[in-house]
Amino acid sequence: MDVVMMEEEDDCPELVPIETQSGRPAEQIPVTIITGYLGAGKTTLLNYILTEQHNKRIAVILNEFGEGSALEKSLAVSQAGELYEEWLELRNGCLCCSVKDNGLKAIENLMEKKGKFDYILLETTGLADPGAVASMFWVDAELGSDIYLDGIVTVIDAKYGLQQLTEEKADGLVNEAARQIAVADLTIINKTDLVKEEELNQVRDTVRSINGLVKILETQRSRVDLSEVLDLHSFDSKDGANLAEKLQLVKSTRPHLDKSILTVTFEVTGDLSEEALNAFIQDLLWEKMFCNKEGQPMTVIRLKGIVSFAGKAHQVMLQGVHELYELNETPQLWVENPRINRLVFIGRNLDKDILQEQFTSKVVLGTEKK
Ligand SMILES: Nc1nc2c(ncn2[C@@H]2O[C@H](COP(=O)(O)OP(=O)(O)OP(=O)(O)O)[C@@H](O)[C@H]2O)c(=O)[nH]1
Ligand SMILES: [Zn+2]
């Protein structure tokens with residue numbers, strides 16, 4: 001229910017016409033994607049963030065892209081000749097905008113018309129694949145956009161989360177609730193008032209079994225410390241030291257529920273061939289060339305690592321979401337000798353032994369097979 005945004009259902013503020021302001025923002029603006037299954041508490045979280053003291057001018061985007069039929073889309077486009085979007089002013093000078101399709105363009109339009117905000121929060125619909133939405137922002141940042149992807153936050157219903165995670169999907173399809181957890185930088189288990197400690201433990205264990213890297217918070221009414229949600233810099237290579245530290249603590253997980261998504265992590269010593277690493281990742285993400293022992297193709301949803309290239313003094317950060325990945329040098333110099341590459345893969349049908357063996361034989365210099 002996204003209309004909660006408008007204070008009271010029966011007292012909706014009028015849409016405010018927007019005056020055009022000139023001037024582009026000088027700095028890139030962070031966008032946090034807020035995802036989570038139907039009714040988990042996403043809108044409650046947005047409302048909470050907006051009413052907290054933050055001294056930020058936040059634009060909230062209620063996103064419907066990727067949803068709806070082609071017919072609806074073409075109707076929306078031809079009706080207005082432009083994007084379907086509407087926005088209203090909120091407290092604290094914040095803005096709320098509802099966009100349908102082509103979210104990025106709409107956000108850029110919004111910025112052009114309204115001038116600079118400090119922060120963008122984007123709520124996806126409950127069934128959306130946040131990976132697809134995230135990769136859109138990620139690509140755009142590369143192209144010199146005004147926006148960068150700060151992090152993906154997934155809200156989970158403490159009471160119904162487990163049930164949603166175990167829902168059987170048609171063959172070959174990944175459970176959306178599990179996918180949303182797999183891709184997250186932060187998960188918030190909400191509605192803890194509705195469950196007993198034992199149930200909550202089960203939810204927490206299941207979240208951890210899917211994503212061995214993600215931070216887990218527990219809330220009622222989505223009340224979180226804003227510093228734990230905003231400015232995560234999850235994709236920022238300047239934050240390489242932080243990731244390097246986290247990777248040392250991650251453990252591979254076991255599937256908790258049938259056919260569930262899990263985390264695989266390993267360390268490999270030595271320098272990598274950049275070319276071979278690219279080929280390996282592309283085989284994995286795009287060609288889906290690697291299979292587990294049952295012959296099922298491995299599907300990676302999120303990927304992170306700190307790797308070493310021969311002749312480079314700096315650590316290199318590897319990030320992957322959906323079918324996109326990036327390799328970026330971090331400011332961090334290698335100090336450990338020999339250098340240790342650390343990788344984390346979150347996805348389905350992953351087999352640690354096979355992945356590690358493939359990685360070692362194909363990518364680590366001095367061990368490549370012809
Ligand atoms: N008991 C309880 N109810 C909550 C809590 N947080 C949110 N709710 C209620 O749960 C319902 C759904 O919350 P929303 O914030 O609209 O959830 P959403 O994820 O935005 O939902 P959709 O956009 O429909 O997918 C609302 O009626 C909230 O008032 C909580 O911590 N405890
Ligand atoms: Zn909502």
For this session: Mark yes or no for whether Lys42, through its side chain, and Gly36, through its backbone, hold a donor-acceptor pair below 3.5 Å.
Result: yes
Exercise. Is there any side chain to side chain donor-acceptor pair (under 3.5 Å) pair reaching into residues 151-164, and which pairs are they, with sequence neighbours excluded?
Worked result: Asp157-Lys191
Exercise. Roughly how far, to the nearest 0.5 Å, is the CG atom of Leu217 from the OG1 atom of Thr192?
Worked result: 11.5 Å
Exercise. In Å, rounded to the nearest 0.5 Å, how long is the span from CG of Leu122 to OG1 of Thr35?
Worked result: 9.5 Å
Exercise. What's the verdict on side-chain contact (heavy atoms from CB on, under 4.5 Å) for Trp286 and Tyr325, showing C-alpha distance, side-chain angles and the deciding distance?
Worked result: CA-CA 10 Å; Trp286 303 350; Tyr325 74 95; 4.0 Å; yes
For this session: Determine, stepwise, if the pair Asn211 / Thr187 fulfils side-chain contact (heavy atoms from CB on, under 4.5 Å).
Result: CA-CA 10 Å; Asn211 190 330; Thr187 52; over 6 Å; no
Exercise. Is there a donor-acceptor pair under 3.5 Å between the side chain of Asn328 and the backbone N or O of Met317?
Worked result: no
Problem set entry | Beyond-backbone contact of Phe235 with Ile152, side-chain heavy atoms, under 4.5 angstrom | yes
For this session: Check the pair Ile354 / Met298 against side-chain contact (heavy atoms from CB on, under 4.5 Å), numbers first and verdict last.
Result: CA-CA 10 Å; Ile354 294 175; Met298 301 193 201; 3.7 Å; yes
Problem set entry | Heavy-atom side-chain proximity of Thr206 to Ile181 below 4.5 angstrom | no
Problem set entry | Test item: Ser222 side-chain N/O and Gly41 main-chain N/O as donor-acceptor pair under 3.5 Å | yes
Problem set entry | Polar contact flag, side-chain donor to acceptor under 3.5 angstrom, Gln358-Lys362 | yes
Problem set entry | Under the ring pair (Phe, Tyr, Trp, His ring centres under 6.0 Å) test, residues paired with Tyr37 that sit two or more places apart | none
Problem set entry | Any Val364 side-chain heavy atom under 4.5 Å of Leu272 side chain | yes
Problem set entry | Beyond-backbone contact of Val60 with Asn47, side-chain heavy atoms, under 4.5 angstrom | no
Exercise. Leu226 versus Lys56: any side-chain heavy-atom pair under 4.5 Å?
Worked result: no
For this session: Mind running side-chain contact (heavy atoms from CB on, under 4.5 Å) on Glu294 and Asn349 for me, showing each step along the way?
Result: CA-CA 9 Å; Glu294 285 76 49; Asn349 301 330; over 6 Å; no
For this session: Quick one: pull up CG in Leu284 and CG in Leu350 and give me the separation to the nearest 0.5 Å.
Result: 8.0 Å
Exercise. Shortest non-hydrogen contact from Ile189 to Arg204?
Worked result: CD1-CA, 3.9 Å
Problem set entry | Main-chain N/O of Ile340 paired with Thr269 side-chain donor or acceptor, under 3.5 Å | no
Exercise. Looking only at heavy atoms, what is the nearest atom pair of Ser308 and Gly270, with distance?
Worked result: CB-O, 4.1 Å
Exercise. Rounded to the nearest 0.5 Å, what separation is found between the CG atom of Asn201 and the CD atom of Glu198?
Worked result: 7.5 Å
For this session: Identify the two heavy atoms, one from Asp239 and one from Leu232, that lie closest to each other, and give their separation to 0.1 Å.
Result: OD2-O, 4.0 Å
For this session: Determine the sole option in Leu249, Leu247, Thr263, Thr253 for which the side chain to side chain contact (heavy atoms under 4.5 Å, CB included) test with Leu213 is passed.
Result: Leu247
For this session: Taking only Lys NZ, Arg NE, NH1 and NH2, and the carboxylate oxygens of Asp or Glu, determine whether Lys288 and Glu323 approach each other closer than 4.0 Å.
Result: yes
Problem set entry | Lys304 bridged to Asp185 by N-O distance under 4.0 Å | yes
Exercise. Minimum heavy-atom separation for Leu162 to Val203, with atom names?
Worked result: CG-CG2, 3.9 Å
Problem set entry | Spacing of CD belonging to Glu245 relative to CD1 belonging to Ile306, to within rounding of 0.5 Å | 11.0 Å
Exercise. If we only count heavy atoms from C-beta on, is the Ile29 to Val31 side-chain gap below 4.5 Å?
Worked result: no
Seminar exercise, completed: Shortest non-hydrogen pair, Ile156 vs Gly161, comes out as CG2-CA, 4.3 Å
Problem set entry | Test item: Glu199 and Leu194 side chains (from C-beta on) under 4.5 Å apart, heavy atoms | no
Problem set entry | Neighbour count above 12 (heavy atom, 6.0 Å) for Glu275 CD | no
Problem set entry | Distance, nearest 0.5 Å, that separates CG of Asp271 from CG of Asn341 | 7.5 Å
Exercise. Do the side chain of Arg208 and the main chain of Val214 share a donor and acceptor less than 3.5 angstrom apart?
Worked result: yes
Exercise. Would you call Tyr148 and His233 a side-chain contact if the rule is heavy atoms closer than 4.5 Å?
Worked result: yes
Exercise. Who pairs with Tyr119 by ring pair (Phe, Tyr, Trp, His ring centres under 6.0 Å), at least two apart in sequence or on another chain?
Worked result: none
Problem set entry | Test: Asp193 and Arg221 ion pair at under 4.0 Å | no
Problem set entry | Non-hydrogen atoms of Glu167 and Asn175 that approach each other most closely | O-ND2, 3.2 Å
Exercise. Is the Phe345 ring parallel, tilted or perpendicular to the Phe280 ring (thresholds 30°, 60°)?
Worked result: perpendicular
For this session: For Glu336, look at atom CD and say whether over 12 heavy atoms of other residues, nucleotides or ligands are found less than 6.0 Å away.
Result: yes
Exercise. Is there a donor-acceptor contact under 3.5 Å from the side chain of Thr330 to the main chain of Val316?
Worked result: no
